Undergrad: 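Here you go, one structure.
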Amino acid sequence: MENKYVVIDLETNGNSPKKGDRIIQFAAVVVRNGKIVEEYSSLINPMQPISPFIEELTGINDEMVKDAPLFEEIAEKVQELLKDAYFVAHNVLFDLSFLSEELEQAFYKPFYGPVLDTVELARVLFPTADSYKLTDLALQEGIVHSRPHQADSDAYVTAELLLILLHKLESLPLQTNKQLHKLSSSLKSDVDLLLEDIMDKKQKKVEYIPDHLEIYRGLALKVSKNEEKDNKEKRIDSQTFSIKEIEKRMEGTLPFFRKRQGQFKMMETIYEAFCDNDHCLIEAGTGIGKSLAYLLPAAYFAVQNKKQIVISTYTTQLQEQLINKELPLLKGTLPFSVSYTILKGRSHYISLDKFEISLQEKEDNYDTILTKMQILIWLTETSTGDKDELNLSSGGVAYWNKIKNDGNFSLAISKAWAPKDFYRRTRLLAQKAHLIITNHALLLKDSTALQKSLPAYQYAVIDEGHHFEKVATKHFGHKFSYVGVKLSIQQVGTFEQKQLYYKMELFMDKEGKGQKDPLFNQLVGDLQIELDSFFRILMRYTKKTSKKTAYTNNSFRIKREDTKEWNNARNSAERLVFLFKDAIDAITAKINRLKQSKEILTTKQVLVTERLAEIQKEWHDYLMALRVVFLREEKHISWLEADIRTFPNNAVLFAQPYSVGEILQKEFFAQKNSIVFTSATLTVNDSFDYYIRSLGLTKKNYKAEQINSPFPYEKQVKLLVPNDIPEINTVPLEEYIAAITEQIIQIAEATTGRMLILFTAYDMLRRTHDLIKESGCLEDFAILAQGITNGSRMRLTRNFQRYEKAILLGTNSFWEGIDIPGEDLSCLVIVRLPFSSPDEPLTEAKNEEIKKNGGNPFTENSLPEAVLRFKQGFGRLIRTEEDKGFIVVFDRRILTTTYGETFLRSIPAVSVETKKLNEMIAIIKKWL
């Protein structure tokens, strides 16, 4: 007999039945034999007023329910519907708790049968979904959901979703069903009972494995297509690259094609740079279509010259856009075949051997179990094995770190997984692709690595190029973390491999009798003692030498000074260096003994050898960090980041070069024929000088082109500066926050939300957010704030777009990379000009170096850096030719200082007005 599923949805007058909140609408949809067979719904009189919030959310008001039945009048029908059924709901515990409370109050038994949560099922069966909200899942699965937050509509949509989920569960291989069943008893709903029914049916039949799947070492995997296609490109010569011909093809193949002269100019510039072996800088304004403008000439040049071209981005979001949107469009435009692939760092990819072993472990952590189930489904769908495809919880991310591909495990199990290894497969594809998509960090790591991830290449396009110098500075820098170092020392003392559930002492005596090597044991103990001593001494030194502002931002500059405190820190670092050297020598001897052993190594011994080799590399990096900061005369900026309240557990020592220009010139530019940098923000006051200096380019080996946006900004944007708030540096911070909060509230009411507010510091963001909430003036607005409202940057952005009246407060990453076109964003507020704090260690050190060399720190470093960031923030408002809106800059220095002109000259020409608040509100209301 087929199972009976009753899908329930309730609308309620609050969130807590225990506090007296009641049901105002009940709906049930009955599913049997793969079909919806019955529907029932009713409004319910809750015998209490319906709150304005619930009325706005559901559309149900007091008038609508005054003549509706009480719950006890429909309780018998509810009991009849639920008899011998699975209770199904989207977030089942909410609906079940409410319904059980109402049934008890009506003197009926609560529901004690099996339950299914479609949120939980969807998380397992749709592991790559962006969101698990009902409206989002309905959109993803093509289900029409016309009346969200009305119980009858929600119940019917949930029932349709349930049918899709059940079909997917039933269509999985029996092996996957068994593995899911083994894990499912720890879920919140009764998925284990559902799986038992499915397996009972399947075991009575001969199983058919679909062609797109295979069972390999007990795991169901998507069959990888033969990537080595017979890819016979049409032979073309240099004359084939014709802008006129390209324009004709784009017009004939691209949807919504619009001719943009700047896009064709960019194509020509890049193609010439590749042909002439020149480096190239291109600032391409918003709306140029720069992705296709560099992909198209790159494809022509790669195929014509049988060369590989690397495309590097800063964000994974842009990588996915290139792979899923831009490159498929490109293929339809070209008169020849072009191959491409994406290559990320090794840790982005799953280690199938680690996952195989992990499945054998007993586990009681809910997030880990759910993530294992998600991955079992994902492996039947993924062609890449890339973590970025998955929607993981924070606990899921922690589990991923145990099964990610770090190159240290596959030998320990067998070589059987090598042909299926996703990272290996991706690298093989990269060896043959015309275009390779990667990121700045991997590109730089590859430039200095002995073992290369990327194939040998001479040509590259660096998109989001304004980030490249900072990524390079971090790459060529060093890091020494108290927790990271302590953990690796402890691991060497006692090696614990949790995946295999065993503990094994690393260093035995020479006879191998299972006792610790007492000398090495002493060395490990000394390392731990000296590490604690080193950070205590370092903290005393930095507290004495740093400015008071360091205590607020937890960053303490390290300067070499001939003082007792400095000498103490230096001596402690020297002792650590000697201890690490002795420990590395001991590790090397252990590895050599294991490798030279005539006996076949056990799995445990291979694991030990691999982990030892990894620790050996880590400790070499630690040695380098200590030497650079304390023992060498190198031009590095050093600082300690630590919260004195939790010291030393969060203490991290950093060292970065003052400038990476010389390093990049030697390690990168001199090794490549042509590197093209592009971004919407490379110039300051129409000059590339600041960017050129930061990269270390010389005027002999680069071209530069500034291509302005085609958008009519003067018709699309008004920039307003209020003149009735104090200048930011002339009043206490509390007074300034109170002033801007009043302005924000009135502007929000005039624009009905749709407002993005950019801050330069999280503390000001938090205090402004709290003051807005405390005022009670914007209660009907959704107020979303980075670091306060849960969710990633992209999730906050999506939620902002969903609400009709919304305000989004952001800092740091929100100044760039978010795309909110159309009416969803009509007002951008910039709270203050984005200067870095002069007390920040990196800024302070760079300014000191410039001053020492006779330069002007403000004009050469602080101002251009702030202008580039301001341009990024400015670019958030206008994303299409039809967009329209206001930019409000609270920082009056943009008009009252001479350097304010540099900010204004660096953005497109727009109308700039300074007005009182009431005048600004009038302008906004009239223009929108």
Side-chain angles (χ1 to χ4, degrees), residues 2-9 27-39 41 85-95 114-174 176-177 179-181 183-184 187-202 207-210 212-213 220 222 370-371 373-382 389-391:
E2 282 284 344
N3 286 325
K4 174 185 175 185
Y5 306 95
V6 178
V7 182
I8 302 293
D9 193 83
V29 176
V30 181
V31 174
R32 262 194 174 131
N33 298 317
K35 294 180 181 178
I36 293 171
V37 296
E38 185 180 352
E39 298 176 61
S41 69
Y86 277 87
F87 185 111
V88 185
H90 204 68
N91 191 10
V92 73
L93 296 181
F94 175 85
D95 297 273
V115 299
L116 288 176
D117 187 354
T118 48
V119 174
E120 191 172 61
L121 262 178
R123 287 185 69 189
V124 170
L125 293 170
F126 298 143
T128 62
D130 283 339
S131 163
Y132 297 105
K133 289 184 177 179
L134 185 60
T135 50
D136 295 331
L137 289 169
L139 184 64
Q140 172 187 300
E141 296 303 309
I143 302 169
V144 177
H145 192 195
S146 55
R147 293 180 291 114
H149 300 298
Q150 293 191 15
D152 55 340
S153 175
D154 286 352
Y156 196 88
V157 169
T158 305
E160 291 186 291
L161 176 64
L162 174 68
L163 287 170
I164 292 169
L165 292 167
L166 290 174
H167 176 73
K168 183 165 185 179
L169 205 54
E170 290 164 359
S171 65
L172 293 168
L174 179 59
T176 305
N177 288 142
Q179 289 166 322
L180 292 173
H181 179 258
L183 295 162
S184 61
L187 295 184
K188 295 173 182 176
S189 58
D190 297 306
V191 178
D192 54 336
L193 299 179
L194 184 61
L195 284 162
E196 282 175 16
D197 291 338
I198 291 171
M199 290 189 299
D200 285 343
K201 292 175 190 173
K202 286 189 176 182
E207 185 180 15
Y208 165 73
I209 305 293
H212 72 281
L213 295 179
K222 183 179 179 181
L370 188 77
T371 306
M373 296 177 76
Q374 286 182 301
I375 290 173
L376 284 168
I377 302 299
W378 177 58
L379 289 176
T380 67
E381 301 169 346
T382 184
E389 294 178 354
L390 291 165
N391 186 346

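Here the structure is a predicted model, which is why all the values come from computation and not from measurement.
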Undergrad: Using a 4.5 Å cut-off on heavy atoms from C-beta on, say whether the side chain of Tyr5 contacts that of Leu194.
TA: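 The answer is yes, as the side chains (C-beta and beyond) meet within the 4.5 Å cut-off.
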Undergrad: Tell me, please, which residues at least two apart from Glu381 pass salt bridge (charged side-chain N to carboxylate O under 4.0 Å, His left out).
TA: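 For Glu381 the salt bridge (charged side-chain N to carboxylate O under 4.0 Å, His left out) partners, ignoring immediate neighbours, are Lys168.
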Undergrad: Sequence neighbours excluded, which residues qualify as salt bridge (charged side-chain N to carboxylate O under 4.0 Å, His left out) partners of Asp190?
TA: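 Testing Asp190 for salt bridge (charged side-chain N to carboxylate O under 4.0 Å, His left out), a comparison that skips the adjacent residues, returns none.
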Undergrad: Looking at every heavy atom in both Leu213 and Pro173, which two are closest together, and how far apart are they?
TA: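 For Leu213 and Pro173, the tightest heavy-atom pair comes out as CD1-CG, 3.7 Å.
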Undergrad: Asp136: which residues meet the salt bridge (charged side-chain N to carboxylate O under 4.0 Å, His left out) condition with it, sequence neighbours left out?
TA: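 Applying salt bridge (charged side-chain N to carboxylate O under 4.0 Å, His left out) to Asp136 gives Arg802.
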Undergrad: Is there a side-chain contact between Val31 and Leu163, using heavy atoms and a 4.5 Å cut-off?
TA: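 Sidechains of Leu163 and Val31: in contact.
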Undergrad: Which heavy atom in Leu376 sits nearest to a heavy atom in Gln179, and how many Å separate them?
TA: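 Reported closest heavy-atom pair: CD2-OE1, 3.5 Å.
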Undergrad: Check the pair Val30, Lys4 against side chain to side chain contact (heavy atoms under 4.5 Å, CB included), reporting the backbone distance first and the verdict last.
TA: CA-CA 7 Å; Val30 181; Lys4 174 185 175 185; 4.1 Å; yes
Undergrad: Given Thr380 and His212, is the side chain to side chain contact (heavy atoms under 4.5 Å, CB included) satisfied, shown in steps?
TA: CA-CA 8 Å; Thr380 67; His212 72 281; 5.9 Å; no
Undergrad: Once ring pair (Phe, Tyr, Trp, His ring centres under 6.0 Å) is applied, do any residues pair with Tyr156, and if so which ones, sequence neighbours excluded?
TA: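 So Tyr156 forms no ring pair (Phe, Tyr, Trp, His ring centres under 6.0 Å) with any residue.
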Undergrad: Determine whether Leu180 and Leu169 make a side-chain contact, defined as any pair of heavy atoms from C-beta on separated by less than 4.5 Å.
TA: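 Yes; the side chains approach each other to less than 4.5 Å.
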Undergrad: Taking the side chain as everything from C-beta on, heavy atoms only, tell me whether Lys188 gets closer than 4.5 Å to Asp117.
TA: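 No, every pair of side-chain atoms sits at 4.5 Å or beyond.
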Undergrad: NE2 of His90 to OG1 of Thr135: how many Å apart, nearest 0.5 Å?
TA: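 Going from the NE2 atom of His90 to the OG1 atom of Thr135 covers 8.0 Å.
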Undergrad: To the closest 0.5 Å, what do you measure between CG (Asp9) and CZ (Phe94)?
TA: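 Asp9 CG to Phe94 CZ: 9.0 Å, rounded to 0.5 Å.
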Undergrad: Check step by step if side chain to side chain contact (heavy atoms under 4.5 Å, CB included) holds for Leu125 and Leu172.
TA: CA-CA 10 Å; Leu125 293 170; Leu172 293 168; 4.2 Å; yes
Undergrad: If we only count heavy atoms from C-beta on, is the Tyr132 to Leu137 side-chain gap below 4.5 Å?
TA: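 Side chain of Tyr132 against side chain of Leu137, heavy atoms only: contact under 4.5 Å found.
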Undergrad: Could you tell me which residues satisfy salt bridge (charged side-chain N to carboxylate O under 4.0 Å, His left out) with Glu39, sequence neighbours excluded, listed by chain and number?
TA: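 Scan of Glu39 (salt bridge (charged side-chain N to carboxylate O under 4.0 Å, His left out), adjacent residues dropped) gives none.
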Undergrad: Could you grab the distance from atom CD1 of Ile164 to atom CD1 of Ile143, nearest 0.5 Å is fine?
TA: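 One gets 4.0 Å once the value is rounded to the nearest 0.5 Å.
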Undergrad: What closest approach, in Å, do Ala155 and Val7 show between heavy atoms, and which atom pair accounts for it?
TA: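 Distance-wise, the nearest heavy atoms are O-CG1, 3.5 Å.
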Undergrad: When you compare the side chain of Glu170 with that of Asn177, does any pair of heavy atoms fall below 4.5 Å?
TA: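 Counting from C-beta outward, Asn177 and Glu170 never come under 4.5 Å.
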Undergrad: Are any of the side-chain heavy atoms of Leu116 and Val92 separated by less than 4.5 Å?
TA: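 Side-chain contact under 4.5 Å: no.
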Undergrad: Name all residues meeting the ring pair (Phe, Tyr, Trp, His ring centres under 6.0 Å) criterion together with Phe126; count only those two or more places apart in sequence or in a different chain, and write none if there are none.
TA: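 Ring pair (Phe, Tyr, Trp, His ring centres under 6.0 Å) list for Phe126, sorted by chain: empty.
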Undergrad: Kindly give the heavy-atom pair with the smallest separation between Met373 and Ser184, and that separation in Å.
TA: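 Shortest heavy-atom contact: CE-CB, 3.9 Å.
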Undergrad: What verdict does the side chain to side chain contact (heavy atoms under 4.5 Å, CB included) test give for Thr158 and Val29, after you've listed the backbone C-alpha separation in whole Å, the side-chain angles of each residue and the deciding distance to 0.1 Å?
TA: CA-CA 9 Å; Thr158 305; Val29 176; over 6 Å; no
Undergrad: Can you confirm whether Asp130 sits close enough to Asn391 that some side-chain heavy atom of one is under 4.5 Å from a side-chain heavy atom of the other?
TA: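 Asp130 does not reach Asn391 side chain to side chain.
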Undergrad: Of the non-hydrogen atoms in Ala27 and Ser41, which two are nearest, and what is the gap between them?
TA: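 Closest pair (atom of Ala27, atom of Ser41, distance): CB-CB, 3.9 Å.
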Undergrad: State whether the side chain of Thr128 and the backbone N or O of Leu390 hold a donor-acceptor pair below 3.5 Å, judged by distance alone.
TA: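 No, Thr128 side chain to Leu390 backbone: no donor-acceptor pair under 3.5 Å.
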Undergrad: To the nearest 0.5 Å, tell me how far Leu161 CG sits from Asp154 CG.
TA: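 Spacing of CG (Leu161) from CG (Asp154) equals 11.5 Å.
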Undergrad: Determine yes or no for a side-chain-to-main-chain donor-acceptor pair under 3.5 angstrom, with Thr382 supplying the side chain and Trp378 the backbone.
TA: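 No, because the side chain of Thr382 does not come within donor-acceptor range (under 3.5 Å) of the backbone of Trp378.
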Undergrad: Kindly compute the distance separating CG (Leu195) from CG (Asp200), expressed to the nearest 0.5 Å.
TA: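 One finds 11.0 Å between CG of Leu195 and CG of Asp200.
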Undergrad: Return the NE2 to CG distance between His181 and Asp197, rounded to the nearest 0.5 Å.
TA: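 His181 atom NE2 to Asp197 atom CG measures 9.5 Å (nearest 0.5 Å).
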